[in-house]
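All remarks here apply to the structure that follows.
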2 protein chains.
Amino acid sequence: MITHMSAQQNPNHNHLLDALPRSIFERISPHLELISMPLGTVLYESGSQLQHVYFPTAAIVSLQYVMENGASAEIAGVGNEGILGVPIFMGGNNMPNRATVQTAGSIYRLKARQMMEEFNRAGGRRSGALQNLMLRYTQALLTQMSQTAACNRHHSVEQQLCRWLLSTLDRLPSNEMSMTQELIASMLGVRREGITETAGNLQRAGLIRYRRGHITVLDRPQLEACACECYGVVKKEFNRLLSHGTNKTNFPLHHRIQPSLPHQEFRANHP
Amino acid sequence: MITHMSAQQNPNHNHLLDALPRSIFERISPHLELISMPLGTVLYESGSQLQHVYFPTAAIVSLQYVMENGASAEIAGVGNEGILGVPIFMGGNNMPNRATVQTAGSIYRLKARQMMEEFNRAGGRRSGALQNLMLRYTQALLTQMSQTAACNRHHSVEQQLCRWLLSTLDRLPSNEMSMTQELIASMLGVRREGITETAGNLQRAGLIRYRRGHITVLDRPQLEACACECYGVVKKEFNRLLSHGTNKTNFPLHHRIQPSLPHQEFRANHP
DNA sequence: GAGAGTATGTTCGTTAGCACACATAAAGCG
DNA sequence: CGCTTTATGTGTGCTAACGAACATACTCTC
């Protein structure tokens with residue numbers, strides 16, 4: 001169990017938990033278990049019965065879809081800004097996704113029963129604060145997924161790599177991440193060689209530096225300029241939907257320069 | 001307003017509305033407005049304030065993301081199995097998507113206020129039936145979006161075209177749809193020429209037949225064989241999450257035989 | 001500090017899908 | 001009915017990303 005601390009320095013915190021009203025937090029905190037999650041842990045598999053929701057603190061978890069032929073693609077990432085196990089309170093219990101730990105760290109775990117009890121605790125005609133927060137997070141997740149869909153359709157590997165690095169960076173305490181190119185490739189659903197080449201370009205341009213299994217972001221603004229719009233869109237939605245009360249979920253969006261090459265249009269839909 | 005009819009023959013029905021308990025349905029039905037939606041109507045734009053939720057009956061609406069450069073991609077489709085305006089009850093009010101009518105037809109409209117009133121109407125510790133249903137639908141939507149993301153990453157235009165035809169077919173009363181290749185291309189976010197070529201192949205193989213603006217599905221099982229797994233995964237999730245009580249949302253995967261209904265012609269050019 | 005294990009670099013041929021530029025033909029409309 | 005609009009058909013490069021098969025080099029462990 002943890003106390004409701006304001007300490008942003010505390011590494012063991014999750015923005016959703018932090019955003020809960022004190023009264024609610026105090027009710028559930030005795031049931032929170034802090035668990036250490038090594039890289040590669042599978043929190044749940046496609047179709048498995050979910051028993052818990054998880055609130056990552058330092059850990060980052062990747063939601064991926066694994067295809068019949070074994071290929072995979074990341075659908076969304078979840079770090080200290082979010083929660084895993086959304087289908088528990090949405091009513092479907094599970095989803096055809098796998099949740100894999102992409103960055104080791106600790107996670108708070110809460111039993112499905114306790115979660116549901118609080119989720120359904122309503123004050124008369126109005127829904128409770130936890131329900132409210134969870135639904136808003138779920139909407140942000142919807143945006144993240146839909147943006148991933150559009151991004152996978154239209155953006156280059158380079159743009160996507162930049163986007164991915166930035167969103168991972170936002171969930172980390174420093175500007176260095178422990179991450180192999182192979183792992184990134186499997187997240188983005190592209191070839192490892194493609195990442196090697198692209199990362200090489202970024203390094204030569206001075207945006208990042210890497211050595212065997214570690215990547216350091218050197219020039220964040222430039223990285224944002226190279227990323228596709230998707231990064232900013234998702235970030236803005238998370239801020240809009242989840243910054244309230246404590247400002248902990250409110251990340252500033254760095255200056256986004258837009259050199260974007262004038263693409264020709266795809267013939268928009270119904271003019 | 002409509003009455004709570006069991007008539008599956010009635011063209012003006014929406015599976016979510018049909019699945020509501022009679023008592024709830026009777027409360028909201030006086031507020032339902034049936035509106036005719038021509039092709040190309042934009043129900044809402046990215047970032048606009050949503051005022052209503054919409055329950056399609058014969059109409060099919062496409063949720064798309066429109067990129068900065070004008071390119072677009074369909075994120076999810078919504079027909080008589082669903083609802084539009086999910087962000088209203090999720091708490092975010094809007095989303096960075098556009099909702100465009102892809103197949104003309106009628107839609108029930110309900111004011112946001114009425115929707116919220118019923119959504120938050122809870123019986124003590126338990127959430128109401130409407131909330132329950134809406135959250136389950138939203139989870140199905142999550143699955144649809146995540147599947148679109150994975151599909152955009154890994155599957156060929158042919159597989160995607162088959163998937164798209166099938167899921168559109170599921171929402172139509174007959175096996176013919178009024179649809180130009182240009183429109184399909186913009187939905188899938190690919191070039192029109194790519195659709196022309198692929199559709200030509202499918203026609204030559206006898207799976208479909210088409211003429212200027214109309215496509216008829218001739219061999220559904222074959223089409224399913226050519227589609228990627230995504231079609232089945234999404235369909236199964238919708239069935240799992242939304243077939244309850246009345247069996248109206250429960251489509252069998254194969255052989256969906258339906259008496260041809262007279263469906264209105266509409267102008268192929270956009271308003 | 002040497003070797004094993006694994007991460008990264010590089011190459012070459014292949015392909016799906018793109019961009020552009022048209023030709024043709026079917027509806028719709030006056 | 002002929003004319004215009006719009007949907008579809010085709011062709012010719014072109015490029016990003018793929019697949020496979022390697023060569024190199026870092027690090028961790030023993």
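A note on names: the letters A, B, ... follow the listed sequences, proteins ahead of strands, and every chain is numbered from 1.
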Grab the [atom1]-[atom2] distance between [X] and [N] for me, whole Å please.
| X | N | atom1 | atom2 | result |
| --- | --- | --- | --- | --- |
| B/Leu202 | D/dT8 | CG | C1' | 15 Å |
| B/Gln203 | D/dT8 | CD | P | 11 Å |
| A/Arg212 | D/dT27 | CZ | C1' | 6 Å |
| B/Asn69 | C/dA19 | CG | P | 10 Å |
| A/Gln159 | D/dA17 | CD | P | 9 Å |
| A/Asn201 | C/dT8 | CG | P | 16 Å |
| B/Ile195 | C/dC18 | CD1 | P | 9 Å |
| B/Ile215 | D/dT8 | CD1 | C1' | 12 Å |

Remember a base hit wins even if backbone is also touched, and classify B/Gly213 as base, sugar-phosphate or nothing at under 4.0 Å, heavy atoms.
sugar-phosphate
Among [options], which nucleotide has an atom closest to any side-chain atom of [X]?
| X | options | answer |
| --- | --- | --- |
| A/Arg191 | D/dA20, C/dA27, C/dT10 | D/dA20 |
| A/Ser156 | C/dC18, D/dT27, D/dA17 | D/dA17 |
| A/Thr196 | C/dC18, D/dA7, C/dG9 | C/dG9 |

Which residue, A/Thr180 or B/Gln160, contacts DNA chain C at a nucleotide closer to its 5' end, judged by nearest heavy atom?
A/Thr180
Quick check: on DNA chain C, is the nucleotide nearest A/Glu193 upstream (toward 5') of the one nearest A/Arg153, or the reverse? Name the residue that is more 5'.
A/Glu193
Let's go through A/Glu224 and A/Lys235 carefully: what are the C-alpha distance in whole Å and the side-chain angles of both, what is the deciding distance for salt bridge (Lys or Arg N to Asp or Glu O under 4.0 Å) to 0.1 Å, and is it a yes or a no?
CA-CA 12 Å; A/Glu224 287 181 6; A/Lys235 183 154 191 160; 5.5 Å; no
For a quick test of reading the model, state the closest non-hydrogen atom pair linking B/Gly82 to B/Pro56 and the distance between them.
O-CD, 3.4 Å
Any side-chain N or O of B/Tyr210 below 4.0 angstrom from OP1/OP2 of C/dA26?
no
Distance below 4.0 Å between B/Gln181 side-chain N/O and D/dT6 OP1 or OP2:
no
Below 30° counts as parallel, above 60° as perpendicular, anything between as tilted: where do the rings of A/His52 and A/Tyr54 land?
tilted
Does any donor atom in the side chain of [X] or [Y] lie under 3.5 Å from an acceptor atom in the other side chain?
| X | Y | value |
| --- | --- | --- |
| A/Ser106 | A/Thr57 | yes |
| A/Arg212 | A/Gln181 | no |
| B/Glu74 | B/Thr148 | no |
| A/Glu33 | A/Tyr108 | no |
| B/Ser167 | B/Arg163 | no |
| B/Tyr231 | B/Asp170 | yes |

Confirm from the modelled atom types if A/Arg192 and C/dG9 form a donor-acceptor pair under 3.5 Å, side chain to base only.
yes
salt_bridge(B/Lys236, B/Glu229) N-O dist < 4.0 Å:
no
DNA chain D nearest-nucleotide lookup for A/Val190 and B/Glu197: closer to the 5′ end is B/Glu197
Would you tabulate the nitrogen or oxygen pairs shorter than 3.5 Å linking the protein to nucleotides 28-30 of chain D?
none

The helix from C/dG1-D/dC30 to C/dG30-D/dC1: angle between its terminal axes, five pairs each, to 10°?
30°
